[in-house]
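Take a look at the structure set out below.
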Number of protein chains: 2
Amino acid sequence: MEKTGQPTINDVARIAGVSKKTVSRVINRSPLLNEDTRKRVEEVIGDLGYIPNPQARALALGRNFLIGLVHDNPNAQTVMNVQQGMLEALYDTEFEMIVRPLNRGSLTMLDDLRHFLERQRPFGVLLMPPISENDVIAKLCADIGCRYVRMGSTELDSDEHMVASNDREAVRDATRHLIDLGHRRIGLVSGPHGFRSARERRLGFEDAMRDAGIALPRSMIADGDYRFESGLVAADRLLDVVPRPTAIFSCNDEMAAGVIHAACQRGLTVPRDLSVIGFDDTPIAAHMWPPLTTVRWPIATMARSAALKLIAGMTAQESDAAVSEPSLFRSTLIRRASVSAPAAE
Amino acid sequence: MEKTGQPTINDVARIAGVSKKTVSRVINRSPLLNEDTRKRVEEVIGDLGYIPNPQARALALGRNFLIGLVHDNPNAQTVMNVQQGMLEALYDTEFEMIVRPLNRGSLTMLDDLRHFLERQRPFGVLLMPPISENDVIAKLCADIGCRYVRMGSTELDSDEHMVASNDREAVRDATRHLIDLGHRRIGLVSGPHGFRSARERRLGFEDAMRDAGIALPRSMIADGDYRFESGLVAADRLLDVVPRPTAIFSCNDEMAAGVIHAACQRGLTVPRDLSVIGFDDTPIAAHMWPPLTTVRWPIATMARSAALKLIAGMTAQESDAAVSEPSLFRSTLIRRASVSAPAAE
DNA sequence: TTGTAGGCGTTATCAA
DNA sequence: TTGATAACGCCTACAA
């Protein structure tokens, strides 16, 4: 039992009257094993409550059982959803989740990541947007020899390295919903420059407006950074325009909350005076007043799928099922109370 | 350089012309080392880009460099804040954060945790409320020999194992604020049974009411579970009471959002018809309309301090500074727009 | 101040 | 189908 109190493979081998290697074979489900031997060893394992030491395995195998979540996401709920999805995939496997936030602004970001990967040598990493959009980062992972899967708003990499959503199309649909209701002056609160998702969503918005033959003056587009305050400021700008927009599409829910906040501050009523649509469908969307019409972004499902891709072929039960994890996920419009037809003028 | 491409301690030793042990001493900052030798070895380390293999160290030392975050918290923002605080403490150390959610409802929860601790053998774990309140869990950690620090709403353990906030007092102050403004019919949306924080907060509420000599009928207390929906339901019950309460204290922000939601659904205006106070000061508090008066709970700071306690004495720069991490943190009232004096009747 | 020998718990190699 | 032996990369004890 040694000093740690934990039984080791040696204890099992000795008591079962077999060699270490045989025990090892039992643990790793080797096919070439006598049934009787296996039974006997498994019994001893059960009696002793033996648990293979992950550190020792990691050393011997040259890789550990940690899946890293690398992110630099401003939205807490989004990060949590991703964590939850990952953990679902990792549940009942030998893998654990290790979280590594990165600071996009920092000059040392790349070094930080390299340092993390080289030191910790995780089995694989899940790259969250917006970091996932950076090809340099993906290349760094590849060079170091660390598996990776990127989550993104469009396909940026080969299937095995990618899980994507159809943001552009989803936003197009959402915008068309506003247009169908009769809105013509529709404002956009965009996401930050450098975010691929921001670009895709903006393109979707522009698609819909163009398709409907509606002019889109520059004054109807205000830049945001996916944070509440930026939504507030952007909405203030848009609502200053005369004539006022009758609807605003915000590139995420948090900024949409800012938009509604700004409207309330001016004494406007949503949706009577202003319709608002967000993106994400984080819990806040359903919780705010009025409940927010938004695009449901299946980020948790995507993360789960991404994690399964990462460990594909490593787990007993999944084998190649995981290889066929889907790579494209559809976002859909969730209609709630923040949208109505524009008031007659 | 071996097959992995990574240089090992052997490479460094060979090239520097010293023994492995000497290199090891350099890595671990052993005091008994010739300055020249150290310089020479460090140079080789730099040239090679050598990084000690954590798995090998973990095996040799019998412990790894993972700090676990064990939680079963319904609030995403709270969990993220804790993660952020932990990571701040772990920044620039050799420790990494590994996240382990637990399912309080599940019968296998204790086994799950035991399994996690025995398999992974984290260096230490941070226990978040509400599971941190469970003495059985703390005992399990102690028995297994895993360091732990509990975060809680009152002192549940000795200083080295505890980081606490003063919820009862903070809620007493918040409630008194309502009373001072003239409110007499004040409702309470409580937290779930079994949560120590829920109990402390409720006691604080009752303290204030009793101190002010205000009767507290059972109808003015509605049970919640810290989730939005429960706040909605609880508020509906409270607002059905005749005469209506003029203010509601909610034991967390998320439920407070539910309270405001319920009020809006009835056409009531906050704070004119109903004052609301929450607890936590999560971002949603400032983002909702009207901005929520709430109690700021310094959970990220607490988590940072807890993590520092965990690794106290393990880091070079901190040495014993971390031992003196504070154990009690004060929550304070943040006044925003969801509270006013009650309307004249 | 530095080096040698042995061990941490597991897996891989290759022979039996 | 099994087992002896040698890695894996680092650390501790003890010796020099």
Side-chain angles (χ1 to χ4, degrees), chain A residues 1-42 44-45 48-65 94 118-121 123 145 314, chain B residues 1-42 44-45 48-65 94 118-121 123 145 314:
Chain A
M1 290 279 182
E2 315 306 296
K3 55 189 172 187
T4 83
Q6 285 288 313
T8 76
I9 200 171
N10 288 306
D11 300 313
V12 177
R14 182 166 32 79
I15 296 177
V18 297
S19 76
K20 288 166 36 162
K21 184 59 203 175
T22 301
V23 179
S24 173
R25 288 203 179 91
V26 172
I27 298 171
N28 296 293
R29 296 197 177 76
S30 163
L32 1 77
L33 253 184
N34 187 315
E35 253 321 296
D36 293 346
T37 321
R38 149 168 294 140
K39 285 246 172 66
R40 188 151 39 93
V41 173
E42 279 180 342
V44 176
I45 289 181
L48 254 45
Y50 163 71
I51 298 174
N53 179 317
Q55 273 73 37
R57 300 221 314 146
L59 180 56
L61 288 168
R63 61 183 174 75
N64 61 27
F65 297 91
E94 52 201 345
E118 283 179 339
R119 276 188 61 100
Q120 213 59 35
R121 303 218 141 261
F123 176 82
M314 288 296 123
Chain B
M1 288 283 183
E2 316 304 302
K3 53 189 172 187
T4 82
Q6 284 288 312
T8 75
I9 198 172
N10 287 307
D11 300 312
V12 177
R14 181 166 32 78
I15 296 177
V18 297
S19 75
K20 287 164 40 160
K21 181 60 206 174
T22 301
V23 179
S24 171
R25 289 204 177 90
V26 173
I27 298 171
N28 296 294
R29 298 200 177 73
S30 161
L32 2 78
L33 253 185
N34 187 316
E35 252 322 296
D36 293 345
T37 321
R38 148 168 293 137
K39 284 247 171 64
R40 185 152 41 94
V41 173
E42 278 178 343
V44 176
I45 289 181
L48 255 44
Y50 163 72
I51 297 174
N53 179 318
Q55 275 73 36
R57 296 190 69 193
L59 180 57
L61 289 168
R63 61 182 175 74
N64 60 28
F65 297 92
E94 53 200 343
E118 284 179 338
R119 274 188 60 101
Q120 214 58 37
R121 304 216 141 266
F123 177 83
M314 289 295 122

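B/Arg38 has its CZ atom 14 Å from the C1' atom of C/dT2, to the nearest Å. One can place CZ of A/Arg63 at 14 Å from C1' of C/dA12, the figure rounded to the nearest angstrom. Atom CG in B/Asn34 sits about 7 Å away from atom P in C/dT1, given to the nearest Å. The CG-C1' distance, from A/Asn53 to C/dT11, rounds to 13 Å in whole Å. One atom, CG of B/Asn64, and another, C1' of D/dG9, lie 16 Å apart when rounded to the nearest Å. Rounded to an integer number of Å, the gap from CZ of B/Arg40 to P of C/dT1 is 15 Å. At whole-Å resolution of the value, CZ in B/Arg121 and P in C/dC8 are 15 Å apart. In this structure, the CD atom of A/Glu35 is 15 Å from the C1' atom of D/dT2, given to the nearest Å.
Using a 4.0 Å cut-off between a side-chain N of Lys or Arg and a carboxylate O of Asp or Glu, B/Arg14 and B/Asp11 qualify as a salt bridge.
Summary for the helix from C/dT1-D/dA16 to C/dA16-D/dT1: the axes at its two ends, each from 5 pairs, differ by 30° when rounded to the nearest 10 degrees.
Contacts of A/Leu59 with the nucleic acid, taken as non-hydrogen atoms under 4.0 Å apart, include base atoms.
The backbone N or O of A/Asn64 lies less than 3.5 Å from no partner atom in the side chain of A/Arg121, so there is not a single donor-acceptor pair.
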Inset, instruction - Begin from the C-alpha positions of B/Arg57 and B/Asn28 and carry the test side chain to side chain donor-acceptor pair (under 3.5 Å) through to its verdict. - result: CA-CA 11 Å; B/Arg57 296 190 69 193; B/Asn28 296 294; 3.2 Å; yes

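Interatomic distance, B/Thr8 OG1 to B/Ile51 CD1, rounded to the nearest 0.5 Å: 13.0 Å.
If A/Pro54 and B/Asp36 are placed on DNA chain C by their nearest nucleotide, the residue sitting closer to the 5' end is B/Asp36.
Put simply, B/Thr8 has no side-chain N or O that comes within less than 4.0 Å of OP1 or OP2 on D/dG9. In this structure, A/Thr37 does not reach the D/dT1 phosphate: none of its side-chain N or O atoms is under 4.0 Å from OP1 or OP2.
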Legend entry - Nucleotide-resolved protein contact map, nucleotides 11-16 of chain D, B/S/- at heavy-atom distance under 4.0 Å: BB----

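Two residues are said to be in side-chain contact when any heavy atoms from C-beta on lie closer than 4.5 Å; A/Arg25 and A/Thr37 fail this criterion. In this structure the side chain of A/Val44 never reaches within 4.5 angstrom of the side chain of A/Tyr50, judged on heavy atoms. Between B/Leu33 and B/Thr22 the shortest side-chain heavy-atom distance falls below 4.5 Å. For the pair B/Asn53/B/Ile9, no side-chain contact is recorded, criterion being any heavy-atom separation below 4.5 Å from C-beta on.
Applying the side-chain hydrogen bond (donor to acceptor under 3.5 Å, both in side chains) rule to A/Arg38 yields the partners A/Glu35; only residues at least two apart in sequence or on another chain are considered.
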